[in-house]
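One-based numbering, in listed order, for ligands and for the atoms of each. Numbering of residues begins at 1 and proceeds along the displayed sequence. Source: prediction; values computed, not measured.
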Amino acid sequence: MPAGSIERPVIALDNVSVLFTKKKLLRPVSVVRAVDGATLHVGRGEVVGLVGESGSGKTTLGRAAIGLQRVTSGKVVFSQGETSTDVESAKGRDWRQLRQHLQIIFQDPFSSMDPNMRVFDVLKIPLQAHGVKGKERIESAVEDVFRRVGLPNDILSSFVFQLSGGQRQRVSIARVLLLNPDFIVADEAVSMLDVSLKGDILKIMRSIADELGVGILFITHEMAVAKVISDRIAVMYLGNLVELGPSEAIASKPLHPYTQALLQASPAIDPSLREVTRSVNVKGEIPHASAYPSGCRFHPRCPFAMPKCSDQVPELREVEDGHYVSCWLY
Ligand code: SF4
């Protein structure tokens, strides 16, 4: 199987590229390779952490996984039982049905909720849009998901702007769960929360995967967060997946110098891991994706770069069971 593939995924991104063409006076002046040939599968009940700095392409890949971003090439397939659907080609009614199965939770719930609406109204709109009618049915569905996300029913009559940050994020999770999704992209869903609230939301997300069998692509720039919640971790740099493997293996034995640097930068890092990463001193900032370097894209920042790193692209290849890395050191 190609790197990044698993048996019977709920979502399969295969060799996906997303290119944006920048134009000046209607003429193309540069091409941004936001995602370049990424293969990543997520199983039912599995949480895959997608980690990288801002500008690495992880949000674009997440949006492509649920059809919110058209891909330039490659395939995105959603599978439910024996039925598989090409996410890119779904239209009209098929697309609306697909949207119910594929959901997203954003970093800032205010970006997707009108702060001047009452919480109950925010929750009933998606249910009604998918054919759930009747006050009693809606109330019963809302109370069920409120129990799961740990919210009291008395906030249903509150306005969104009256909620705390943690309550708002729980409401946005509840809204997604009301539609019984099979797959959720959580895009930096805890990055605006303080440490204790972060832990609570991570527990809720983990239980959604474990108890409801939902596949989750958990996008974060914090390796420590990915380690807590994920079964597998994928590390992305400038549009490429550079390392992928079981969460424990990535955290205890990171292979790619970029992964080692991310672990080193992680505030909640296990002290024992500092030994693994002490020598990695990454230079500079991530370049813009329109000016990506030749060869290994990490080579201008890599302390271990060799002559061939600047002109030969290392493939993502398996070096241990289920642990893949693209680096000439291995
Ligand atoms: Fe560093 Fe070379 Fe490995 Fe890239 S391929 S991460 S430049 S050692």
Side-chain angles (χ1 to χ4, degrees), residues 2-5 13 15-19 31-40 48-61 74 219-224 226-227 230 232-266 269-270 272-330:
S5 303
L13 295 134
N15 205 17
V16 163
S17 294
V18 179
L19 276 53
V31 174
V32 175
R33 289 179 174 273
V35 178
D36 200 2
T39 293
L40 186 62
V48 175
L50 183 59
V51 188
E53 290 166 285
S54 172
S56 59
K58 54 194 193 308
T59 291
T60 305
L61 188 62
I219 297 173
T220 177
H221 63 282
E222 294 178 82
M223 189 58 94
K227 188 190 165 205
S230 310
R232 288 185 297 146
I233 291 176
V235 180
M236 199 161 183
Y237 184 78
L238 266 188
N240 287 156
L241 292 177
V242 297
E243 187 161 2
L244 169 68
S247 172
E248 206 42 55
I250 298 277
S252 61
K253 197 179 170 191
L255 299 176
H256 198 283
Y258 181 60
T259 312
Q260 294 173 2
L262 287 176
L263 274 161
Q264 192 176 16
S266 189
I269 192 170
D270 178 338
S272 65
L273 296 177
R274 292 192 191 281
E275 285 303 311
V276 180
T277 59
R278 185 179 292 166
S279 59
V280 182
N281 187 14
V282 169
K283 301 169 266 184
E285 301 285 319
I286 188 168
H288 192 265
S290 63
Y292 62 88
S294 59
C296 168
R297 292 183 184 179
F298 190 57
H299 85 259
R301 301 177 73 193
C302 180
F304 310 115
M306 304 166 266
K308 72 172 174 180
C309 297
S310 57
D311 57 28
Q312 293 178 42
V313 180
E315 276 185 21
L316 190 65
R317 61 183 199 88
E318 194 169 22
V319 289
E320 280 171 22
D321 201 17
H323 191 164
Y324 301 82
V325 66
S326 71
C327 174
W328 289 120
L329 291 173
Y330 306 95

Between atom 4 (Fe) of ligand 1 and Cys309, is there an N, O or S atom separated by less than 2.8 Å?
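It does not; every qualifying atom lies at 2.8 Å or beyond.
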
Taking 4.0 angstrom as the limit and counting only heavy atoms of [X], give me the atoms of ligand 1 inside it, by number and element.
{"X": "Cys296", "value": "4 (Fe), 5 (S), 6 (S), 7 (S)"}
{"X": "His256", "value": "6 (S)"}
{"X": "Pro257", "value": "6 (S)"}

What residue and atom, counting heavy atoms only, is the protein's closest point to atom 5 (S) of ligand 1, and at what distance?
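I find the closest protein heavy atom is Trp328 N, 3.2 Å.
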
Among all the protein's non-hydrogen atoms, which is closest to atom 1 (Fe) of ligand 1, and how far away is it?
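Answer, as residue, atom name and distance: Cys302 SG, 2.4 Å.
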
Could you measure the distance from the [atom1] atom of [X] to the [atom2] atom of [Y]? Nearest 0.5 Å is fine.
{"X": "Glu53", "Y": "Leu262", "atom1": "CD", "atom2": "CG", "result": "6.5 Å"}
{"X": "Leu255", "Y": "Leu244", "atom1": "CG", "atom2": "CG", "result": "11.5 Å"}
{"X": "Cys296", "Y": "Asp311", "atom1": "SG", "atom2": "CG", "result": "11.5 Å"}
{"X": "Leu241", "Y": "Leu50", "atom1": "CG", "atom2": "CG", "result": "7.0 Å"}

Can an N, O or S atom be found in Cys327 less than 2.8 Å away from atom 1 (Fe) of ligand 1?
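No N, O or S atom of Cys327 is closer than 2.8 Å to atom 1 (Fe) of ligand 1, so no.
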
What are the two closest heavy atoms between Pro307 and Ser310, and how far apart are they?
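So the two residues come closest at O-OG, 3.0 Å.
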
When the ring centroid of His256 is compared with that of Tyr237, is the distance short of 6.0 Å?
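For His256 and Tyr237, the ring centres are not under 6.0 Å apart.
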
